Amino acid sequence: MLFTASVEILQRPPEAALSLNALEAGIDRDDPGISPTMLYAYAALREGVPFVNGTPNPSVELPAFQELARDTGVPTYSYPPDEAPFQPTQELNVLLASKSDDPGPVRNDYWNSVHYVDALIGELLERIEAEKLLDDTIVVITGDHGEEFNDTNDNSWGHTGNFTKFQSQVPLIVYVPWLKPRQVTAVTSQLDIPPTLMQEGLGCGNDVSDYSNGVNLFGPLPDRRAVVVSSYVNHAFILGDGVFVSWPLYMQRYKLDGSKDKVGWPTGPLKGMGRFYGREERH
Amino acid sequence: MKLAKPEGRLAILMPGLGAVATTLIAGVELVRLGRSRPVGSLTQMGTARIGRRTEHQTVPIRDLVPLAALDQVVFGAWDPVSEDGEAVARRSRVLSDRDLAAAGAALRAVKPRPAVFDAIRVPRITADNVVKASGHRERVEALRQVAATSSASSARHVR
């Protein structure tokens with residue numbers, strides 16, 4: 001079943017969606033909190049038919065539906081309940097979260113996901129090793145965003161809310177079998193992955209600046225650099241502990257740790273950006 | 001999990017026969033007719049490398065994984081508005097006249113079943129095709145009936 005209907009108005013998840021028993025009872029007593037999308041999802045999952053979101057609706061993410069899917073053997077996109085060491089958990093609903101919410105349960109939910117993904121990556125690596133391919137395979141593990149649980153105390157949850165370290169810093173592990181491992185503390189960017197692969201994996205001898213703004217992660221790293229980050233709506237650069245957000249008409253400044261102190265304007269990157277605006281400098 | 005070659009039909013049941021659903025139905029039909037290519041479809045046009053890079057073996061994903069072919073796909077829908085797929089597609093004005101003409105028969109064939117609908121949650125639709133039921137349990141039974149019938153006559157290849 002592929003859901004392609006109009007999006008329903010937003011509602012808090014009803015009590016009836018919190019467990020399968022509650023859902024069955026809610027359907028029997030005609031609970032007004034149960035929406036049509038939930039009835040479609042229930043009907044599909046009860047028949048062992050996968051339910052796919054083509055237009056957004058939160059029904060299948062709710063606990064009762066995850067439980068039903070597991071019961072009837074329909075694939076779910078959550079971690080298995082018996083591999084969830086962090087308890088109690090609660091699914092994050094960014095639109096309904098408030099500043100006073102306890103971040104503990106939603107953080108546990110996130111940690112369980114990470115824990116499960118770690119195990120899956122382990123299985124993948126073991127398979128590569130068993131196939132005797134690990135000696136000539138480069139493995140890169142990273143994420144496209146961090147995840148915030150109101151760490152800035154600004155009612156910010158999830159990602160794309162700001163560019164503080166809680167949302168912009170991600171793990172980056174690069175395994176190149178023929179190179180000695182090292183840990184770096186310098187600021188790095190995803191832009192550094194292509195030059196690293198080109199030079200260390202593919203033997204490209206060109207100067208990196210011919211094709212990239214990044215650097216080879218196994219070479220000398222710059223000790224101070226601006227990195228660019230972006231979301232659906234805007235972009236920013238991070239320099240030292242400062243975040244400079246570029247909106248269409250103005251720039252916003254805050255600290256990487258989320259504190260509100262404004263940081264001073266850096267002259268170097270602004271000078272560089274001047275060419276986009278047809279002026280050498282713009283202060 | 002073992003994957004067997006899918007046989008029979010693959011039913012795609014869509015709650016909501018609107019612009020999104022009719023564009024999907026028309027797109028699949030145009031590909032089946034050879035009038036378009038499924039650009040952007042991983043299953044239809046994506047490729048995967050097998051073995052080492054130096055072995056130069058790249059195959060379409062649809063040859064590597066036993067997926068249902070587009071010829072096996074059939075569509076069904078529920079909608080609170082009784083128009084057929086072609087009327088919806090014409091009103092939605094997503095498709096060109098030429099594509100609409102080519103996919104017209106396939107779109108006309110999709111006539112929406114009465115939907116489970118709540119005008120408070122989706123306020124901008126005037127419904128004329130709603131399931132007659134006295135409560136949630138009866139509504140669910142009506143939906144399950146369709147899902148069960150389609151599921152029984154569908155290709156099932158994940159065991």
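Keep in mind that this is a model prediction, so the values were computed, not measured. Note on naming: letters A, B, ... go to the chains in the order of the sequence lines (proteins, then strands), and numbering restarts at 1 for each one.
- Between B:Leu24 and A:Leu2, some side-chain heavy-atom pair lies under the 4.5 Å cut-off.
- For A:Gln11, the CD atom sits in a packed shell: over 12 heavy atoms of surrounding residues, nucleotides or ligands are nearer than 6.0 Å.
- Within the 4.5 angstrom heavy-atom criterion, atoms from both the backbone and the side chain of B:Val140 approach chain A.
- With respect to A:Glu24 and B:Arg137, a salt bridge is recorded, a charged nitrogen being found less than 4.0 Å from a carboxylate O.
- For A:Arg182, the CZ atom counts as densely surrounded, since its 6.0 Å shell holds more than 12 non-hydrogen atoms of other residues, nucleotides or ligands.
- Counting only heavy atoms from C-beta outward, the side chains of B:Arg139 and A:Tyr42 never approach each other to under 4.5 Å.
- Listed here is the closest heavy atom pair of B:His136 and A:Ile27: CB-O, 3.4 Å.
- Taking both residues in full, the closest heavy atoms of A:Tyr40 and B:Val116 are given as OH-N, 3.0 Å, listed atom of the first, atom of the second, then distance.
- Listed by sequence position, the residues of residues 28-35 of chain B in contact with chain A number zero, using a 4.5 angstrom heavy-atom cutoff.
- The two residues A:Ile9 and B:Ile120 make their nearest non-hydrogen contact at CD1-O, 3.7 Å.
- Here the shortest heavy-atom pairing between B:Arg121 and A:Ser35 reads NE-CB, 3.2 Å.
- Both the backbone and the side chain of B:Ala115 come within less than 4.5 Å of a heavy atom of chain A.
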